[in-house]
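Worksheet: the structure to be examined is printed underneath.
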There are 2 protein chains.
Amino acid sequence: MSVTAPEIAASDIVPLDRREEVLAAAAECFMRRGYEQTSMDDVAEALGATKGRVYHHFRSKPELFFQVYRRAMDILMQACEPVVAQGGSGEQRLHGMAKAHTLCMMETRTFQRTLTMGVDLYRFGETSPEHKAVLEELMGLRFVYEDLFRHTFEAGIADGTLAVPDPSLAMRTLLGALNWVTVWYSPRPGETRRHREQLAEEIVETVLGGYRARR
Amino acid sequence: MSVTAPEIAASDIVPLDRREEVLAAAAECFMRRGYEQTSMDDVAEALGATKGRVYHHFRSKPELFFQVYRRAMDILMQACEPVVAQGGSGEQRLHGMAKAHTLCMMETRTFQRTLTMGVDLYRFGETSPEHKAVLEELMGLRFVYEDLFRHTFEAGIADGTLAVPDPSLAMRTLLGALNWVTVWYSPRPGETRRHREQLAEEIVETVLGGYRARR
DNA sequence: GTCTATATTATGATAGAC
DNA sequence: GTCTATCATAATATAGAC
C-alpha cells in the first residue's frame with residue numbers, strides 16, 4: 001500500500017461543498033426566523049462554526065440572501081422546464097407544473113420559504129444601488145417563472161382544457177395556494193418521496209378541480 | 001356667544017384615538033418592512049413624532065406586534081361571523097366567507113399582511129415565557145378562525161354542495177390563495193369599494209370554481 | 001402625553017493570528 | 001479556511017424635563 005489515495009474519514013463523505021453548507025444553513029435560518037431576525041452569528045451557530053467561516057464564503061448578509069433566493073428560483077425553474085417542454089394540453093402541463101412546484105415547496109422548503117416570504121420584506125428604498133440592481137434582477141427571474149404559468153393558462157384556454165376569466169389572476173391564486181404549502185407543511189418522520197408525491201397530487205387536484213360539487 | 005362649546009380645530013376632527021393612530025402606523029411599517037426591519041423610530045417617524053409617544057402607548061415592540069396581530073384577527077372574525085350566522089348551503093357560506101376574507105385582505109392589508117407573513121417569523125424559542133403565552137393565544141385565535149372554514153367545508157360536503165377529498169387540505173389551499181392577495185394587491189388610485197368587491201368576486205369565483213374546463 | 005437625552009445591548013463587518 | 005478579538009453602528013428601552 002505504498003500508493004494510497006488520500007484518506008477519507010467518515011465525516012468527510014457528507015460535506016459537499018463548504019460553500020453549499022453555508023448556503024443551506026442560511027436558508028434554514030432565514031426560513032425559521034426570517035431574514036432580518038437572522039444574525040450572521042445564527043448562521044454560523046447553525047453550522048457549528050463562527051462568523052469567520054460565513055464571511056469567508058459570502059461578502060455580506062444581503063449577498064447571502066440573494067444567493068439563497070437565486071438558488072430557490074433555479075430549483076423551481078429546473079423543476080418546471082421539463083414539464084413545459086414535454087408538451088401536452090394546457091391542462092396537462094399546468095397539472096405537471098403545479099405538482100413540480102408543490103414538490104419543490106416541500107422538499108426545498110428552507111429555500112422556498114425564504115423566496116416566498118422574503119421578497120418584498122427586503123427594503124427597497126434604502127438599499128444601495130448595486131443591491132437594488134440585484135434585487136430587480138431577482139424580481140425579473142420571478143416574473144419569468146410566473147409567466148410560465150400565465151402562458152400555460154393561456155394555452156389551456158386556447159385548447160379548451162382550462163376555463164378561467166383572467167390568466168393573470170388565475171396564476172396568482174394558483175401560486176398563492178401552492179406557495180402557502182411552505183407555511184403549514186413539515187415533513188413527518190419516516191416520510192418518503194412517495195408520500196410527498198401523493199400529498200402533492202392531492203393538493204394539486206384540490207386546487208385545480210375547485211371546491212364545488214359538479215352538478 | 002357666552003356659552004361656547006370647546007373649540008374644535010380642523011386638525012382635531014380626524015384623530016380618532018391616539019393609541020389607534022400608533023397601532024395603524026405600526027401596521028403600516030410592519031407591512032412595508034416586516035417586523036424586525038421596523039424600528040420603533042420608524043413607527044414614530046410614520047406618526048410624525050418620536051419614540052416617546054410610541055412607548056407611552058405600548059410597552060414594547062413585541063407588544064405592538066401582538067396588538068396588530070390581534071386586531072387583524074378581530075377584523076377577520078367580525079367579517080366572517082355574520083356570513084356564518086346567516087346560514088345557507090355550505091357552498092353559499094363558503095363563498096360569502098371567502099369573499100369577506102378577500103375584502104379584508106384588500107382593505108386592511110397593512111394589518112393582514114403583518115398577520116399573514118409575520119406569525120412564524122417571530123422567534124419561538126427565545127421569547128420570554130409571557131410572550132410565548134401570548135403567542136400561543138394568538139395562534140389559538142388563528143386556529144379558531146381556520147376552523148370556521150374547515151367546518152364550512154364539512155357542512156358543504158354533507159349537504160352535497162362542496163366536493164373535496166380533505167376539508168383541512170381544502171381550507172389550507174383556499175386560505176393560501178386568498179392570503180396571497182396581500183402580496184400582489186395594491187389599491188389603484190381612484191379605486192372604489194365597488195371595484196374591490198368586483199375583484200374579490202372574481203378571485204373567489206376563480207378559486208372556488210377551479211381552473212379546469214367542465215367537459 | 002410627548003419630547004430630549006442616554007444607557008445598554010446586539011449585530012454587521014473587519015483585522016490578524018493560526 | 002477558520003478562528004478570536006475588536007470596531008462601529010443601530011436599535012430597544014428608560015429617565016426625566018416640559
Side-chain angles (χ1 to χ4, degrees), chain A residues 6 8-9 11-12 14-26 28-30 32-68 114 118 121-123 125-128 130-131 134-135, chain B residues 6 8-9 11-12 14-26 28-30 32-68 118 121-123 125-128 130-131 134:
Chain A
I8 298 176
S11 61
D12 289 339
V14 181
L16 325 146
D17 199 333
R18 301 297 262 168
R19 188 184 154 95
E20 285 297 306
E21 282 183 0
V22 179
L23 199 61
E28 174 79 25
C29 291
F30 289 159
R32 291 177 52 175
R33 303 204 245 270
Y35 173 74
E36 277 301 320
Q37 186 85 280
T38 298
S39 71
M40 294 299 257
D41 279 322
D42 289 334
V43 178
E45 194 191 331
L47 284 164
T50 64
K51 277 195 289 217
R53 180 141 142 215
V54 179
Y55 275 104
H56 177 73
H57 293 285
F58 297 92
R59 236 179 283 262
S60 68
K61 196 180 160 187
E63 166 87 8
L64 198 44
F65 174 82
F66 293 151
Q67 295 302 328
V68 171
T114 300
L121 288 188
Y122 200 82
R123 205 184 322 205
E126 308 177 31
T127 41
S128 68
E130 23 178 358
H131 281 171
V134 176
L135 261 175
Chain B
I8 298 175
S11 61
D12 287 340
V14 181
L16 326 145
D17 198 333
R18 303 298 262 168
R19 190 184 152 94
E20 284 298 306
E21 283 181 1
V22 179
L23 198 62
E28 174 79 26
C29 291
F30 288 159
R32 291 177 52 174
R33 302 203 245 270
Y35 173 74
E36 276 300 320
Q37 186 85 278
T38 298
S39 71
M40 295 299 255
D41 278 322
D42 289 334
V43 177
E45 195 190 330
L47 285 165
T50 65
K51 277 196 288 220
R53 181 140 142 215
V54 179
Y55 275 102
H56 177 72
H57 292 284
F58 297 91
R59 235 178 284 260
S60 69
K61 194 180 161 188
E63 166 88 9
L64 197 44
F65 174 83
F66 292 150
Q67 294 303 328
V68 171
L121 289 188
Y122 200 82
R123 210 187 312 212
E126 308 177 31
T127 42
S128 67
E130 23 178 0
H131 281 171
V134 176

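What you are looking at is a predicted structure, and each value in this text was computed from that prediction instead of being measured. Numbered from 1 within each chain, the chains take letters A, B, ... in sequence-line order. Both backbone and side-chain heavy atoms feed into the values below; hydrogens, waters and symmetry mates do not.
Listed pair B:Arg18 / C:dT2 meets the phosphate criterion, a side-chain N or O lying under 4.0 Å from OP1 or OP2. Between B:His56 and the phosphate of C:dC3, there is no side-chain N or O to OP1/OP2 separation shorter than 4.0 Å.
With hydrogens and angles disregarded, no donor-acceptor distance shorter than 3.5 Å links the side chain of A:Thr38 to the backbone of A:Arg33.
Distance CZ (A:Arg59) to P (C:dA15): 14 Å, rounded to an integer number of Å. B:Asp41 places its CG atom 13 Å from the C1' atom of C:dT6, with the value rounded to the nearest Å. When rounded to the nearest whole Å, the span between NE2 of A:His57 and C1' of D:dT2 equals 9 Å. Rounding to whole angstrom units, CD of residue A:Gln37 and P of D:dA11 are separated by 14 Å. Residue A:Arg33 contributes atom CZ, which lies 13 Å from atom C1' of C:dT11 at whole-angstrom precision. In this structure, the CG atom of B:Leu64 is 14 Å from the C1' atom of D:dA13, given to the nearest Å. For the pair B:Phe58 CZ and D:dT14 C1', the computed distance is 18 Å after rounding to whole Å. Atom CZ in B:Arg19 sits roughly 12 Å away from atom P in C:dG1 (whole-Å rounding).
Looking at heavy atoms from C-beta onward, B:Leu23 lies out of side-chain contact with B:Asp17 at the 4.5 angstrom threshold. Residues B:Cys29 and B:Arg32 form no side-chain contact, since every pair of their non-hydrogen atoms from C-beta on lies 4.5 Å or further apart. Residues B:Val43 and B:Lys61 fail the side-chain proximity criterion, which asks for heavy atoms closer than 4.5 Å. Under the 4.5 Å side-chain criterion, counting only non-hydrogen atoms from C-beta, B:Arg19 is in contact with B:Gln67.
Listed nucleotides: D:dA11, C:dA13, D:dA13. Nearest to the side chain of B:Pro62: D:dA13.
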In residues 52-59 of chain B, what donor-acceptor pairs under 3.5 Å come from side-chain atoms, sequence neighbours left out?
from    : atom 1 : to      : atom 2 : distance (Å)
B:Arg53 : NH2    : B:Glu21 : OE1    : 3.1

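Contacts between residues 45-53 of chain B and DNA chain C, defined by a heavy-atom separation under 4.0 Å, are made by B:Ala49, B:Thr50, B:Gly52, B:Arg53.
Relative orientation of the A:Tyr35 and A:Phe30 rings is tilted, given thresholds of 30° and 60° on the angle between their planes.
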